[in-house]
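In what follows, chains are A, B, ... by sequence order, proteins preceding strands, each numbered from 1. As the structure is a prediction and not an experimental result, all values here were calculated from the model.
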There are 2 protein chains.
Amino acid sequence: MNEPATRDPELTRARILQAAFELFVEKGFAAVTMRELAENSGVTKSLIHHHFGTKEGLWDAVKELAFARYYEGQKEELEQAGTPSPDLLRNGVIRYFRFLADNPQVVRLFTWAHLEGDSSCSHMDAELVGLGAERVREAQQAGLLRDDLNPTHVVTTFINACTQWFATCEHHADWPGMGSDEEYLADFLKLFMRGLQPD
Amino acid sequence: MNEPATRDPELTRARILQAAFELFVEKGFAAVTMRELAENSGVTKSLIHHHFGTKEGLWDAVKELAFARYYEGQKEELEQAGTPSPDLLRNGVIRYFRFLADNPQVVRLFTWAHLEGDSSCSHMDAELVGLGAERVREAQQAGLLRDDLNPTHVVTTFINACTQWFATCEHHADWPGMGSDEEYLADFLKLFMRGLQPD
DNA sequence: TCGCTAATTGACCGGTCGACCAGTTAGCGA
DNA sequence: TCGCTAACTGGTCGACCGGTCAATTAGCGA
């Protein structure tokens, strides 16, 4: 809206990245044109090339930024450890679910990136899941969770249940009998935590 | 490979649909060109337009075919009812998981279609989930499953856990501690069925 | 056997794509 | 204050996009 009074390459880059983020989230890489990008950024097409080289370069920059934010946020969550307890896992699920609820665009971006063959998020997720699985393992060894389940599978199960929920949220919004985000989360937690109780 | 000796519009349509299915599954709608489609079908670009009108027309035909097959298969599964029992649900999960394992392309196609705003599968899924939820409700009323969970949420939970598993399978294949398809399924079933046991 | 219909072809269209480049201008350090 | 660097612009390029069309040809019913 308001034009910058002076040249500000940092702001320009940020504007382009923000507009690109929104467009790529909405339509994916292939369906977005440099002209759209320029128009939504309020800059010329040439300027985007100046700052990011190619369309792929901009796409990579958008993904890198989004991935980095996601990674930092999740790692922080995981490292501020409490003593192992069932509630620790329960709260972890809740926080993950709420994060996705607050950032549905991130789910879409990840889905596009993954479909298009991007593997950079794979290593990132591997580390995060590893950290989560380690917490589950500790709780298992402390006798707080049943120990006949692969900890990685436990983490993956709740990640899948949460991620797919938001990946298809417009989709299932009007299905008969379907509750709100919070109601789904509550039921999932009931099921999940009961399923993890030790014998 | 082997050219048809005579003209066969049915076969031609089938060839085009098959090639289009593979390409759209792989790259999504926007990234596929009519020239690729023609080359992979072994026909000319004009012939595709003759049979399907536009690129969107072909895309719709591919989706319709895939959705119809999926819908028929799943509905058959759901309607060949047995007496309600926990094993009925367990076997339902197993069959759904195995179906996705045998048809990973379908998961990708649905994901592309959904990201691109297609809502035709939404109504279809609504009906299937409704049927599944009805079965869960019957089992709850028979006292075979805990009755403090929304049946739709129960069905959605396992669908999400299965779908997302295959949507990200190349992704998590090399994560530390991650087991095979069957090992994940076994652990998920342990967790899921225990979580559903009545008090 | 003979037309009629539809399957099939290749050439071609206007438009848009991503990218480039020469030229201009603003800001900043010397 | 002055020049150098980089931010920024408008115009343009060849390639390729989806789509069209007239011409050809195979098959099938009369």
Would you say A/Thr33 places a side-chain N or O within less than 4.0 Å of OP1 or OP2 belonging to C/dC17? yes
Taking atom types as they are modelled, is there a donor-acceptor pair under 3.5 Å from the base of D/dG10 to the side chain of A/Ser46? yes
Please answer whether the main-chain N or O of A/Leu47 pairs with a side-chain N or O of A/His51 as donor and acceptor at a distance below 3.5 Å. no
Is a side-chain donor or acceptor of B/Lys55 paired with a backbone partner of B/Val32 at a separation under 3.5 angstrom? yes
Spacing of A/His49 atom NE2 relative to D/dG10 atom C1', expressed in whole Å: 15 Å
Roughly how many Å is it from CD in A/Glu10 to C1' in C/dG27, rounded to a whole number? 15 Å
Rounded to whole Å, how long is the line connecting atom NZ of B/Lys55 with atom C1' of D/dC16? 12 Å
Determine, for A/Arg13 against A/Asp8, whether the closest basic-nitrogen to carboxylate-oxygen distance falls under 4.0 angstrom. no
List the steps and the verdict of salt bridge (Lys or Arg N to Asp or Glu O under 4.0 Å) for A/Glu127 and A/Lys75. CA-CA 9 Å; A/Glu127 185 182 338; A/Lys75 196 166 184 185; 3.0 Å; yes
Return the set of residues passing side chain to side chain contact (heavy atoms under 4.5 Å, CB included) with B/Glu76 (not counting sequence neighbours), or none when no residue passes. none
For D/dA26, what is the paired nucleotide under Watson-Crick or G-U wobble rules, both distances under 3.5 Å? C/dT5
Taking B/Gly177's backbone N and O only, do any of them form a donor-acceptor pair with A/Asn150's side chain (distance below 3.5 Å, no angle check)? yes
Let me know the distance between CZ of B/Arg15 and P of C/dA7, rounded to the nearest Å. 16 Å
Protein-nucleotide distance (A/Glu39, atom CD; C/dC17, atom P), rounded to Å: 11 Å
Can you work out whether A/Lys45 or B/Met34 has the more 5'-proximal nearest nucleotide on DNA chain D? A/Lys45
Do A/Glu183 side-chain atoms and A/Ser180 backbone N/O form a donor-acceptor pair below 3.5 Å? yes
Dump every N/O contact between nucleotides 5-7 of chain D and the protein below 3.5 Å, one line per pair.
from	atom 1	to	atom 2	distance (Å)
D/dA7	OP2	A/His50	NE2	2.4
D/dA7	N3	A/Arg7	NH1	2.9

Output the rounded distance in Å from CZ (B/Phe52) to C1' (D/dG18). 16 Å
Whole-Å distance between C/dA19 P and A/Ile48 CD1? 11 Å
